[in-house]
Amino acid sequence: MELDVLVIGMGPAGSGAAAAAAAAGAKVLAVDRKREIGSPVQCGEVIGRSLLLRSGLKLPRQAVSSTQDHTRFHIGRELTLSNHGEQWASVTVERKILDKLLAAKAAEAGASVHADSALTSLSMDGDRVTSATVRMRGVEKEVEPKVVVAADGVHSTVAKMAGVCWNAEDMVARGAEFEMVSKRALPRCMQIFLEEEVGLGYGWIIPKGRDRANVGLAEVGPAERMRQRVMGWIEDNPIVSSYFDSGSVVEVKTGDAPVPGFQGGPSRGNILFAGDAAGQTLAFVGEGIIPAYLCGLVAGEAAALGPESYDRSLRAVMGEELGYGGEVKDAILGIWHDPSLDARQRYLAAGLLMSEAVPPGELEAFAGAAEEMDLGGLRRLLSGSQGLKVSRMRRA
Ligand SMILES: Cc1cc2nc3c(=O)[nH]c(=O)nc-3n(C[C@H](O)[C@H](O)[C@H](O)COP(=O)(O)OP(=O)(O)OC[C@H]3O[C@@H](n4cnc5c(N)ncnc54)[C@H](O)[C@@H]3O)c2cc1C
């Protein structure tokens, strides 16, 4: 079967790509190996409100489990910063519903959409795909696409088959979380934890209503026994354990998130990579739902109208946000590997960068003052910072 565009993977990136390519008039086949698109969930399910508004996505009520009006950072067990404003407001979604909704939008736009259908092999002529074999609900089919959009996630099979790698091992964060019922009402904010017990990453409480939340952590590097570690952290952290008991777990979610930083619109021959397959997350936090969807839209339109425009269009649409995310992530890595800082100074610095209390450009001044980092010193340092968005600081 001849095709204009073959989309592999129907997460937000693939569904965005399939919808955009079909809307541009292409004959599109879009496949996902999952029997139920969106399940199992491997995600904290939170979306920054400003990115959501920019995406133009209208979420139906059943896809939204809660909204948060600010973000609280717990840095070490000594500082709490609360950031307010549009950019710190968030929406928690039900990924199982959202991902299906996006796949349905692609079908409505005219793409041929198939769950339970996996790419099994690619035939290549040099770096160009000439044909692909897809096992569609148990039946092997060969298709001849003009362009392939690889939206098949962080461990992209297409990238492996094409011999490329956009997500180096040391640029992948391993995560685990529990959806838990809380003992008392949760505040209407997302809570982020940076502390020695978490390592090079962060922990979170992402509300899904007043009495339920995704509670977990992710860290860069080889993380072992993540589920046990997360439960140990939940029990040990005084704030987290004041909300949750270990015996209130209703779902377990694990997965890997790419954080390489912005790499433009990666392609190889007639393959365009989008979403996690291309490392297109806000690298300092690993937020990828809306970035994947927006990058997928750009990849799909380019696949239909002119694949050579992908990188240029992507830089115009997402370059600023994804580039900034990479810059903050690089600054955090830099400070993490700075041998002159001790563990406490590292997570304090990482927390101040991540909460945008200290912009990456001011890191050197910050590092210079780091040795004097008592609470008073930090307050003085922050009050001189141009990027100050901290509304409240107190001992936790
Ligand atoms: C623990 C954790 C927490 C996270 N929390 C958040 C969060 O709170 N907010 C946020 O914005 N982001 C979060 N992320 C990141 C977010 O989940 C991803 O960035 C987002 O899902 C990327 O979308 P995608 O479409 O690129 O890839 P995916 O959603 O991974 O979709 C890829 C799809 O490709 C399919 N596939 C793979 N191989 C094949 C094949 N051979 N044939 C057919 N189909 C195939 C898979 O089945 C899958 O459905 C988190 C990630 C992790 C790991």
Side-chain angles (χ1 to χ4, degrees), residues 44 71-81 83 154 166-177 191-204 216-226 229-230 232-233 236-237 240 255-263 279 281-288 321-375 377-378 381-382 385 387 389-390 396:
T71 302
R72 203 176 278 176
F73 289 86
H74 302 280
I75 305 179
R77 294 186 180 174
E78 51 192 308
L79 273 180
T80 297
L81 315 181
N83 287 11
V154 57
W166 309 111
N167 296 316
E169 269 298 295
D170 62 348
M171 287 294 135
V172 173
R174 327 275 162 190
E177 66 185 350
Q191 302 192 59
I192 290 181
F193 299 80
L194 293 110
E195 57 186 31
E196 202 172 349
E197 292 74 3
V198 171
L200 181 48
Y202 64 96
W204 59 80
L217 65 86
E219 71 176 316
V220 173
E224 282 164 18
R225 295 163 43 90
M226 276 304 276
R229 270 203 60 207
V230 173
W233 173 72
D236 176 63
N237 183 292
V240 185
D256 293 347
V259 292
F262 189 44
Q263 307 175 108
T281 60
L282 296 183
F284 68 124
V285 278
E287 179 173 350
E321 279 108 336
L322 296 183
Y324 176 74
E327 202 187 328
V328 177
K329 183 266 302 181
D330 287 343
I332 291 174
L333 279 182
I335 211 145
W336 204 262
H337 297 300
D338 182 342
S340 71
L341 298 176
D342 65 25
R344 175 172 173 271
Q345 289 167 331
R346 282 185 200 138
Y347 64 72
L348 281 170
L352 295 174
L353 282 165
M354 200 169 156
S355 62
E356 299 186 15
V358 175
E362 292 181 22
L363 195 63
E364 223 168 279
F366 168 79
E371 279 169 28
E372 303 293 320
M373 239 191 296
D374 58 3
L375 282 183
L378 274 172
L381 194 68
L382 289 172
S385 160
K389 291 188 185 73
V390 183

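The two atoms that bring Met226 and Ala176 nearest to each other are CB-CB, 3.8 Å, heavy atoms only. Scanning all heavy atoms of the two residues, the minimum distance from Gly325 to Ala283 falls at O-CB, 3.8 Å. Residues Ile335 and Ala349 share a closest heavy-atom pair of CD1-CB, 3.3 Å. Residue Ala218 comes nearest to Trp204 through the heavy atom pair N-CZ3, 3.4 Å, listed as atom of the first residue, atom of the second, then distance. Taking every heavy atom of both residues into account, Ala173 and Val259 meet most closely at N-CG2, 4.5 Å. Of all non-hydrogen atoms in Val198 and Gly203, the two that sit nearest each other are CG1-N, 3.9 Å.
Once rounded to the nearest 0.5 Å, the distance linking CD1 of Ile192 with NE2 of His74 reads 9.5 Å. Interatomic distance, Gln191 CD to Tyr202 OH, rounded to the nearest 0.5 Å: 14.0 Å. Atoms CG and CG, on Leu200 and Leu333 in that order, are 6.0 Å from each other to the nearest 0.5 Å.
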Next on the checklist: Determine whether Phe193 and Asn237 satisfy the following criterion, side chain to side chain contact (heavy atoms under 4.5 Å, CB included), listing intermediate values before the conclusion.
Outcome noted: CA-CA 10 Å; Phe193 299 80; Asn237 183 292; 3.8 Å; yes

Next on the checklist: Could you go through Leu79 and Leu348, starting from their C-alpha distance and side-chain angles, then the distance that decides it, and tell me whether this counts as side chain to side chain contact (heavy atoms under 4.5 Å, CB included)?
Outcome noted: CA-CA 9 Å; Leu79 273 180; Leu348 281 170; 4.0 Å; yes

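Every residue was checked against the side-chain hydrogen bond (donor to acceptor under 3.5 Å, both in side chains) condition with Glu287, not counting sequence neighbours, and none meets it. For Tyr347, the ring pair (Phe, Tyr, Trp, His ring centres under 6.0 Å) test picks out no residue, with sequence neighbours left out. Partners of Phe262 according to the side-chain contact (heavy atoms from CB on, under 4.5 Å) rule, which considers only residues two or more places apart in sequence or in another chain, are Leu314, Arg315, Leu322. Applying the side-chain contact (heavy atoms from CB on, under 4.5 Å) test to Glu197 and every residue at least two apart in sequence or in another chain returns Arg77, Glu195, Trp233, Asp236. Under the rule for a side-chain hydrogen bond (donor to acceptor under 3.5 Å, both in side chains), the partners of Glu169 that lie at least two apart in sequence or sit in another chain are Arg174.
The backbone N or O of Val154 sits less than 3.5 Å from a side-chain atom of Asn167, completing a donor-acceptor pair. Judged by distance alone, with hydrogens and angles left aside, the side-chain atoms of Thr71 form no donor-acceptor pair with the main-chain N or O of Asn83 at under 3.5 Å.
Between Glu356 and Phe284 the shortest side-chain heavy-atom distance falls below 4.5 Å. Taking 4.5 Å as the limit, some side-chain heavy atom of Val285 sits within range of a side-chain heavy atom of Met354. Looking at Leu352 and Leu81, their side chains come closer than 4.5 Å, going by heavy atoms from C-beta outward.
Each side-chain hydrogen bond (donor to acceptor under 3.5 Å, both in side chains) pair with one or both residues in residues 322-336, not counting sequence neighbours, would appear here, but there are none.
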